[in-house]
Engineer: 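Just passing along the structure, written as structure tokens.
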Amino acid sequence: MKTIVAGHEAVTATEFAELALGIDLELFTGSATESAMERAARLDVAHEVLAELRESDPETAAYAESLLRTLPLKQTRPSGRRPRRAVRRPVKGCTARTAVAA
């Protein structure tokens, strides 16, 4: 069964919430890559939208306010691989004491 809200098909749960509630989730949650200035501007707009929502739809306003308290997800590495760690191994026949003396 397809999930259709207001004539649009929601593919993910996030899209469904955005379509059903009529709010942009990223406006309230932010992005992990935004600068401090972008964050300040986004929060100014989010607080204005929240003030309007409190008057028109208190339930959606409560949900949006809870989103403001969440942290944005950090972006993961695109390849999914962990970076290599440099491991120092002692040279054969060399101890820490002789390495320092050399």
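In what follows, residues are counted from 1 in the order of the sequence shown.
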Engineer: Are the charged groups of E26 and R42 less than 4.0 angstrom apart, N to O?
Structural biologist: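 Result for this pair is no, no salt bridge flagged.
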Engineer: Any idea which heavy atoms bring L50 and A64 closest together, and the distance?
Structural biologist: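 Shortest heavy-atom separation between L50 and A64 comes out as CD1-CB, 4.0 Å.
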Engineer: For R54 and P58, which heavy atoms make the closest approach, and how far apart are they?
Structural biologist: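 Minimum heavy-atom separation between R54 and P58: O-CG, 3.8 Å.
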Engineer: Kindly compute the distance separating CD (E52) from NE2 (H47), expressed to the nearest 0.5 Å.
Structural biologist: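 Going from the CD atom of E52 to the NE2 atom of H47 covers 14.0 Å.
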Engineer: To the nearest 0.5 Å, how far apart are CG in L53 and CD in E59?
Structural biologist: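 It comes to 12.0 Å.
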Engineer: Under 4.5 Å between any side-chain heavy atoms of L43 and L68, yes or no?
Structural biologist: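 Touching, per the 4.5 Å side-chain cut-off.
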